[in-house]
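Notes follow once the structure below has been shown.
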Amino acid sequence: MRNVFGVDVGGSGIKGAPVDLERGDLAQERHKVLTPQPATPDAVAGRVAEVVSHFGWSGPVGITFPGVITANTVRTAANVAKKWVGVDAARLLGDRLGGLPVTVVNDADAAGVAEMRFGAGKGRKGTVILLTFGTGIGSAVFNDGHLVPNTELGHLELHGHEAEKHASTKVKEDEDLSWSHWARRVHKYLAHVEMLFSPELFIIGGGVSRKADKFLPLIEGIKGAKGLKGVDGTGGFDSIASIKAEIVPAQLQNNAGIVGAAMVAAGR
Ligand code: BGC
């Protein structure tokens, strides 16, 4: 099978396209609709069906979800309607798609799978962590190319907050943070994750990866600085820690979720 359909369900948009699994790229230009608010199971399923039928697709479909997924069932829903918890998403979405075979996977895991095969993580051994910055913070952890599914590193606690409530790009927008202020928060978060996992490589994904030139040099600058005091001014362990891991932007950028969802659906 060369093409499988991929859908990425995000906090603001739902986008999808047939994916060419050999090239790891979209086979046709993607179609995007707005995520319904509130993002209830029925409303989201309706929009996913709109995206898939736009292409007249009949075949397997991989769909990302911004929460923990085990056995195609939603276990957490931090940034979408809580009604999702406990829903067999593959069954719900498959029914709405007229019985097409559906596989559901965590959004960051899907993006990670695509980046490891076709993007910034290609051929990389050891521990690689992809972090997506968007409405929340998603994580995908790999060791020697093998995924440990459903890690939820966006919910680590940092200075008494959940990390994603402090350093997501939504927070950057809501609090109108400058790139340098946000980069300091992200640096502190990466230092904390490094302390726990000692990865060789961080891949920064999510919509913000398109703007890597705006913040990666800032993070690299902080990374190199010794004895830096954190934004909270405490100069505590994680605010002075320097990061040893390489930090690179995701290469598939906004299409990583679509490509990865299709790959997972195809069992790749
Ligand atoms: C969710 C994760 C998800 C991330 C990015 C977090 O709030 O708990 O499962 O990967 O947001 O959407």
Side-chain angles (χ1 to χ4, degrees), residues 6-16 32 34-41 44 47-48 62-87 89-90 93 103-116 121 128-142 147-158 161-174 182 185-186 189-190 192-193 196-197 202-210 249-250 252-261 263-264:
V7 182
D8 194 13
V9 175
S12 56
I14 297 176
K15 48 200 195 243
K32 180 173 176 178
L34 291 179
T35 305
Q37 303 299 343
T40 58
V44 169
R47 295 280 164 91
V48 168
I63 303 176
T64 73
F65 185 83
V68 171
I69 301 288
T70 55
N72 280 313
T73 300
V74 176
R75 305 295 174 190
T76 68
N79 295 308
V80 284
K82 300 286 173 268
K83 267 192 177 167
W84 275 102
V85 176
V87 169
L93 294 159
T103 306
V104 182
V105 57
N106 172 264
D107 55 358
D109 284 350
V113 164
E115 286 292 331
M116 292 303 287
V128 176
I129 300 185
L130 171 127
L131 296 165
T132 61
F133 291 83
T135 310
I137 298 179
S139 59
V141 176
F142 295 84
L147 172 70
V148 180
N150 290 311
T151 56
E152 286 284 325
L153 305 187
H155 299 285
L156 281 174
E157 192 181 307
L158 205 59
H161 299 278
E162 267 189 314
E164 74 171 20
K165 300 264 183 311
H166 189 63
S168 65
T169 48
K170 179 173 187 301
V171 170
K172 178 182 182 299
E173 280 154 29
D174 290 352
W182 184 69
R185 290 188 179 189
V186 173
Y189 172 60
L190 296 180
H192 190 67
V193 175
L196 295 170
F197 293 92
F202 280 118
I203 302 174
I204 307 297
V208 78
S209 57
R210 269 177 298 155
L252 282 76
Q253 300 185 343
N254 251 345
N255 291 334
I258 301 176
V259 173
M263 288 173 67
V264 172

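Order of listing sets the numbers, starting from 1, for every ligand and every atom in it.
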Just the distances, no angles: every ligand 1 N or O to protein N or O pair closer than 3.5 Å, one line each.
unit_1   : atom_1 : unit_2 : atom_2 : d
ligand 1 : 7 (O)  : Asn79  : ND2    : 3.1
ligand 1 : 7 (O)  : His155 : NE2    : 3.3
ligand 1 : 7 (O)  : Glu164 : OE1    : 2.8
ligand 1 : 7 (O)  : Glu164 : OE2    : 3.0
ligand 1 : 8 (O)  : Glu152 : OE1    : 2.5
ligand 1 : 8 (O)  : His155 : NE2    : 2.7
ligand 1 : 9 (O)  : Gly67  : N      : 3.3
ligand 1 : 9 (O)  : Asn106 : ND2    : 3.0
ligand 1 : 9 (O)  : Glu152 : OE1    : 3.3
ligand 1 : 9 (O)  : Glu152 : OE2    : 2.6
ligand 1 : 10 (O) : Asn106 : ND2    : 3.2
ligand 1 : 10 (O) : Asp107 : OD1    : 2.6
ligand 1 : 12 (O) : Asp107 : OD2    : 2.6

List the steps, then state whether side-chain contact (heavy atoms from CB on, under 4.5 Å) holds for Val48 with Ile14.
-> CA-CA 7 Å; Val48 168; Ile14 297 176; 4.1 Å; yes
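Using a 30° and 60° split on the angle between ring planes, His161 and His166 fall in the parallel class, below 30°.
For Thr151, the side-chain hydrogen bond (donor to acceptor under 3.5 Å, both in side chains) partners at least two apart in sequence or on another chain are Ser139. Taking the side chain to side chain contact (heavy atoms under 4.5 Å, CB included) definition, one finds that Ala108 meets it with Asn106, Thr132, sequence neighbours left out. For Asn255, the side-chain hydrogen bond (donor to acceptor under 3.5 Å, both in side chains) test picks out Arg30, with sequence neighbours left out.
Counting heavy atoms from C-beta outward, Leu153 and Ile137 have side chains that stay 4.5 Å or more apart.
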